[in-house]
Amino acid sequence: MLSEVDVFISNYTLVDPEIYQLWVDGYSSSDAVNILQQRGVCQQTNASIELLASDVLDHYRTYSLLEKLLHSPSKLACEQLAFQIEPQTSQMLIEMYYEFNDGVIREIIGKKLTSKNRKDMDEVAEKTGTSLRSCRRQFDNIKRVFKTVEDLPGSLVTNIKQYFLLPEELAKRYAAVVFIVCLRFEINKRKLQYLTFPDLYHCASSIMFSWTYRITGSEYFDTDLDREFLLELPECRVLLENEKHHKHLVCVKLKPMVLDRVYQELDVNFKFYSRAIIGIAGSLHRTRELRSFFLDLVEKCIEPWKQINWTHTDLRNFLAAFTQCALDMDVLKDNELRDAFERYMKVITSCLLRMYHT
């Protein structure tokens, strides 16, 4: 008697993290073999160079087949049946593929995410010492994430985690990139080249946390700054009308805390610093001025303080006194104006202290 038997053969896809990292970093299979040989893999495993080359090539073929799925991480993790991959391995594949180099991303985010700029990645590769393939992968990842979440309401971090299955910290870094690109901040000027991606990430995160809408809903986007808040800021000019009183309070508070040289200089130039800080506040509701936010901070605030050799502590003390003394004045007794000024200074202080490299 004959009987029918259904047979199913399964084989888990093996991923070597070391080889996968070399593939992600853009090395060719032959380069990867040379690197692994230099690391002593052949001696450790008693394998010939031919066997190592065959193994690496096999892994590279697998990763190339997986790459399309990595463009849509949810498909890799949940929907596809072609590859038998354990959940923890799938997560590792996604995280390593979407990880990015700070130096490369610093070069990318100052440009539009166009095909022309993608072709110019060879300049980025040469400048950062990163392979061209890796630079293009990072460019494509940024563009992919940006296109997916730019029009989604709600939290950027939450949306990125949901659609790309990235861990919290990496999702936050991508959110900052999307935010900077969306608002088209000018960060490519020569005077801003000293700013690193961690600097921009810090500042963008501060702005997102304090200057976007405080409520959530289908009509609110993480890339939208609170318009009512921005329109309230020009009213902070009332501080300039009471500049002498504000200056007196600040100088009294700072005199025991700073050197005589710093105090004398502050006494002479307080109005310039005050007008710079309040002037930036009054122009943020205009798109063009908002885009030049980082440049304004450098030209109007940081450069003058560097010329007189303020220390980081001097700056921290001044910004704290400037803020608190203003909040103590009767001219800011209106709750909405007081809240707007405090909300503004929280971000300005955070950004200036981060951008003030000594």
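Ion pairing between a basic and an acidic side chain is recognised when a charged N comes within 4.0 Å of a carboxylate O; Asp140 and Arg136 show no such pairing. Here Arg173 pairs with Glu99 in a salt bridge; the nearest charged N to carboxylate O distance falls below 4.0 Å. Using a cut-off of 4.0 Å between Lys/Arg side-chain N and Asp/Glu carboxylate O, Glu289 and Arg286 are scored as salt-bridged.
There is no side-chain donor-acceptor pair under 3.5 Å between Ser90 and Glu86. The closest side-chain donor-acceptor pair between Gln91 and Glu95 falls under 3.5 angstrom. Checking His202 against Ser350 by side-chain atom types alone, a donor-acceptor pair falls below 3.5 Å. With 3.5 Å as the limit, one finds no donor-acceptor pair spanning the side chains of Asn34 and Gln38.
In the displayed structure, His71 atom NE2 is contacted under 6.0 Å by more than 12 heavy atoms of other residues, nucleotides or ligands. Around NZ of Lys306, the count of heavy atoms belonging to other residues, nucleotides or ligands within 6.0 Å exceeds 12. Counting non-hydrogen atoms of other residues, nucleotides and ligands closer than 6.0 Å to CZ of Arg184 gives a total of 12 or fewer. Crowding of Tyr356 atom OH: a count of heavy atoms from other residues, nucleotides or ligands under 6.0 Å exceeding 12. Heavy atoms from other residues, nucleotides or ligands lying under 6.0 Å from NZ of Lys253 number 12 at most.
Note: Phe100 and Phe197 meet the aromatic proximity criterion, with ring centroids under 6.0 Å apart. In this structure, Phe318 has its ring center under 6.0 Å from that of Trp310. Between His59 and Tyr20, the ring centre distance reaches or exceeds 6.0 Å.
Val252 and Leu332 are assigned to two separate hydrophobic clusters, defined by single-linkage of ILVMFWY side chains at heavy-atom distances under 4.5 Å. A continuous path of hydrophobic side-chain contacts links Val104 to Leu22 [ILVMFWY only; heavy atoms under 4.5 Å]. Hydrophobic clustering places Leu353 together with Met355 (ILVMFWY residues linked when any side-chain heavy atoms are closer than 4.5 Å, directly or through intermediates). Hydrophobic clustering keeps Phe209 apart from Val157 (ILVMFWY residues linked when any side-chain heavy atoms are closer than 4.5 Å, directly or through intermediates). The hydrophobic clustering, which links ILVMFWY residues whose side-chain heavy atoms are closer than 4.5 Å, places Val268 and Met257 apart.
The backbone N or O of Gly110 sits less than 3.5 Å from a side-chain atom of Asn188, completing a donor-acceptor pair. For the pair Ser28 (side chain) and Asp31 (backbone), a donor-acceptor distance under 3.5 Å is present. A side-chain donor-acceptor contact under 3.5 Å links Asn317 to the backbone of Thr313. Judged purely by atom type and a 3.5 angstrom limit, Asn159 uses its side chain to pair as donor or acceptor with the backbone of Pro153. Looking only at distances, no side-chain donor or acceptor of Tyr213 sits under 3.5 Å from a matching main-chain atom of Asp222. Looking only at distances, a side-chain donor or acceptor of Gln138 sits under 3.5 Å from a matching main-chain atom of Asn101. The closest donor-acceptor contact from the side chain of Thr349 to the backbone of Met345 lies under 3.5 Å. No donor-acceptor pair under 3.5 Å is formed between the side chain of Thr158 and the backbone N or O of Gly154. A distance-only check finds no donor-acceptor pair linking the side chain of Asn269 to the backbone of Phe272 [under 3.5 Å]. For the pair Arg133 (side chain) and Val24 (backbone), a donor-acceptor distance under 3.5 Å is absent.
Summarising the geometry of Ser115 relative to Lys143, their closest heavy-atom pair is N-NZ, 4.5 Å, with the distance given to 0.1 Å. Of all heavy-atom pairs between Tyr174 and Tyr98, the closest is OH-O, 2.6 Å. Closest heavy-atom contact between Tyr63 and Asp16: OH-N, 3.2 Å. The heavy-atom pair separating Ala321 from Val250 by the smallest distance is O-CG2, 4.0 Å. Contact record, Ala281 with Leu233: O-CB, 3.3 Å, taken as the closest heavy-atom pair. The two atoms that bring Arg106 and Ile187 nearest to each other are NH2-O, 2.9 Å, heavy atoms only.
Taking the six-membered ring where tryptophan is involved, the planes of Tyr194 and His357 are perpendicular, since the angle between them exceeds 60° and thus also 30°. The aromatic rings of Phe322 and Phe341 sit tilted relative to each other, their planes meeting at an angle between 30° and 60°. Using a 30° and 60° split on the angle between ring planes, Tyr273 and Trp305 fall in the perpendicular class, above 60°.
The distance from atom CG of Leu240 to atom OG of Ser274, rounded to the nearest 0.5 Å, is 5.0 Å. Between atom OG1 of residue Thr89 and atom CD of residue Gln84 there is a gap of 12.0 Å, rounded to the nearest 0.5 Å. Note that CG of Leu200 is 9.5 Å distant from CZ of Arg354, once rounded to the nearest 0.5 Å. With rounding to the nearest 0.5 angstrom, the CG atom of Leu266 is 10.0 Å from the CG atom of Asp314. With values rounded to the nearest 0.5 angstrom, Glu107 atom CD is found 6.5 Å from Gln193 atom CD. Here the straight-line distance linking atom CD1 of Ile280 with atom CG of Leu290 works out to 11.5 Å at 0.5 Å rounding.
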Please evaluate residues Arg288 and Glu186 with respect to the criterion salt bridge (Lys or Arg N to Asp or Glu O under 4.0 Å), reporting the C-alpha separation (whole Å), side-chain torsions for both, the decisive distance (0.1 Å), and the verdict. CA-CA 10 Å; Arg288 181 178 297 178; Glu186 174 54 70; over 6 Å; no
Which is it for Tyr97 and Leu66 under the side chain to side chain contact (heavy atoms under 4.5 Å, CB included) test, yes or no, and what are the steps along the way? CA-CA 11 Å; Tyr97 187 79; Leu66 283 169; over 6 Å; no
Stepwise side-chain hydrogen bond (donor to acceptor under 3.5 Å, both in side chains) check, Thr128 with Thr130: CA-CA 5 Å; Thr128 61; Thr130 306; 3.2 Å; yes
Determine whether Gln264 and Asp260 satisfy the following criterion, side-chain hydrogen bond (donor to acceptor under 3.5 Å, both in side chains), listing intermediate values before the conclusion. CA-CA 6 Å; Gln264 295 297 333; Asp260 287 341; 6.0 Å; no
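Stacking of Lys255 on the aromatic ring of Tyr263 is recorded, both the 6.0 Å distance cut-off and the 45° axial limit being met.
Arg338 pairs by the salt bridge (charged side-chain N to carboxylate O under 4.0 Å, His left out) definition with nothing, not counting sequence neighbours.
Checking Arg261, Lys244, Lys247 one by one against Asp267, the salt bridge (Lys or Arg N to Asp or Glu O under 4.0 Å) holds for a single residue, Lys247.
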